[in-house]
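Computation of the quantities below employed the complete heavy-atom set of this structure, encompassing side-chain atoms and omitting hydrogens, waters and symmetry-equivalent molecules.
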Amino acid sequence: MFTLNRLQSKTALFMALSVTVGSVTPLITSAPTLAQTGFSDVSSNYWASQFIQQLSQRGVIAGFPDGTFRPEEPVTRAQFAAMINKAFSKSAQRQPINFNDVPSNSWAYNAIRQAYSIGFLSGYPGNVFRPNQAIPREQVLVSLANGLEYAATGNVESTLRLFNDSASISGYARTPIAAATERSIVVNYPNVRFLNPGVTASRAQVAAFIYQALVSANQAATINSPYIVALQTTPPPVTTVTIPQGTVIPVKYERAEKILVTKDETAPLTLTTSQSVITQDGRVVIPAGSQVIGELRPAQGGSQFVAQKLVLTTGQEYNVSASSDVITKVETVRKGTSTSSIIRNTILGAGAAAAVSAVTGDRAVATEEVLGGAGIGALIGLFFGRNSVDLIAIEPNTDLEMTINQNLLISVQ
């Protein structure tokens, strides 16, 4: 008999799970704020929270006066230079130079010269540095690999095949990124198989890269994260973890704050897990950001989410039997109601969209506002002549928390 011990911690959802081993297959500025150990906009289950907290404690990154960290904001090359100097102590490898676009009175003047002299950053042709340019993810990784003098030991192209988008990696970046991958510096959220090399690096992503670089240099303790790309020559044994029937898994829906459906319709819906499911020994079984594919179905005069498939961030897929409670909250749409007020931050089932269009007389409900992109033309006739219609109103981030209905076996390495 399996028991469930759900502990709400600062990092994830912890569970006592049955485990068997077998063959089953801050913006850094010239005057940064004081380092903080917690930020109002970095929740305990945010994918990069541990990286951010550790670097903040070290004084490598800082928050803003309002207590925020703003993890999704982009990082400029000047800001990255400042972070590098705070993170790494290294003797000069070359003489600093003065870049034409970095005046001596710039807040980043010394930081850029230092980052250049210790080998982490270089300029562009024409003796320019472009300090205010947002730095792409591949540049961050190249900088860290070069600054730490890491060389790829395996076949570069074989290593890069870990990434589904490896063809997008620039030529100059391929060997350094392979070296960074070998050293477990690469952190990819939400899918470890996608590097997104040309995408601007966010403050959270840079924090994760820098922290992993410190780990690779034996200057920081290892953090357990499912988003660290691991290159393993000898695969660890496969472990089968049982998530018991009755386990509750929090989920979220990022496209809208509300979902409207009729009480009789079935609508496709994909949610994501909002917290990682972790064994008591710290292994991540279901990473935050995993997809839960299913549909909303009529149930007992309301609507209920029924999960059909779980897709982990690693790409592993599992059939799953899970469901939410039945939602019976009603929102009445009346003739003359403004459609824009109904659909603000809301997505609708095809039946609900047809009902809204028929009752309000507004045919302007866009396809992207309908679950699954379904057409509604054929359904509108069902609601002609009505002065009002009752719809089931769902707040997905709170109403659709799902319960496992049958033991779920997950293979973990």
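- For the residue pair S225/Q50, the side-chain donor-acceptor check at 3.5 Å is not satisfied.
- Residues E138 and S170 have side chains that bring a donor and an acceptor to within less than 3.5 angstrom of each other.
- Here the closest non-hydrogen pair linking E182 and G154 is OE2-N, 2.9 Å.
- Taking the six-membered ring where the residue is Trp, the centroids of F129 and Y116 are separated by 6.0 Å or more.
- Taking R174 as the reference, E157 meet the salt bridge (Lys or Arg N to Asp or Glu O under 4.0 Å) condition, with sequence neighbours excluded.
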Check against side-chain contact (heavy atoms from CB on, under 4.5 Å), Q53 and V42: CA-CA 9 Å; Q53 180 180 7; V42 179; over 6 Å; no
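- Residue K90 qualifies as enclosed at atom NZ: its count of foreign heavy atoms under 6.0 Å is above 12.
- What you find for G302 and T328 is that their closest heavy atoms are CA-CG2, 4.1 Å.
- The number of heavy atoms from other shown groups lying within 6.0 Å of NZ (K309) does not exceed 12.
- Using a 3.5 Å distance cut-off with no hydrogens or angles, the side chains of Y46 and D41 do not pair a donor with an acceptor.
- Each of V102, I135, T76, D101 was scored for a side-chain contact (heavy atoms from CB on, under 4.5 Å) with R130, with one residue passing: D101.
- With rounding to the nearest 0.5 angstrom, the CG atom of L55 is 9.0 Å from the CE atom of M83.
- Distance check, rounded to the nearest 0.5 Å: OG1 of T200 to CD of Q139 gives 10.0 Å.
- When each of S324, S303, P268, P396 is paired with L296, the side-chain contact (heavy atoms from CB on, under 4.5 Å) condition holds for S303 and for no other.
- Contact between I228 and I223 at its shortest, heavy atoms only, is CD1-O, 3.5 Å.
- Pairs engaging residues 150-192 under the ring pair (Phe, Tyr, Trp, His ring centres under 6.0 Å) rule: W47-Y189, Y189-Y227 [sequence neighbours left out].
- A donor-acceptor contact under 3.5 angstrom links the side chains of R94 and S122, judged on distance only.
- For R193, the CZ atom is densely surrounded, since the number of other residues' heavy atoms within 6.0 Å is greater than 12.
- Side-chain atoms of V356 and L391, non-hydrogen and from C-beta on, do get closer than 4.5 Å to each other.
- Environment of CD in E72: crowded, with over 12 heavy atoms of neighbouring residues, nucleotides or ligands closer than 6.0 Å.
- When only modelled atom types and interatomic distance are considered, S274 and N45 share no side-chain donor-acceptor pair under 3.5 Å.
- T313 and N191 share no donor-acceptor pair across their side chains, judged by distance under 3.5 Å alone.
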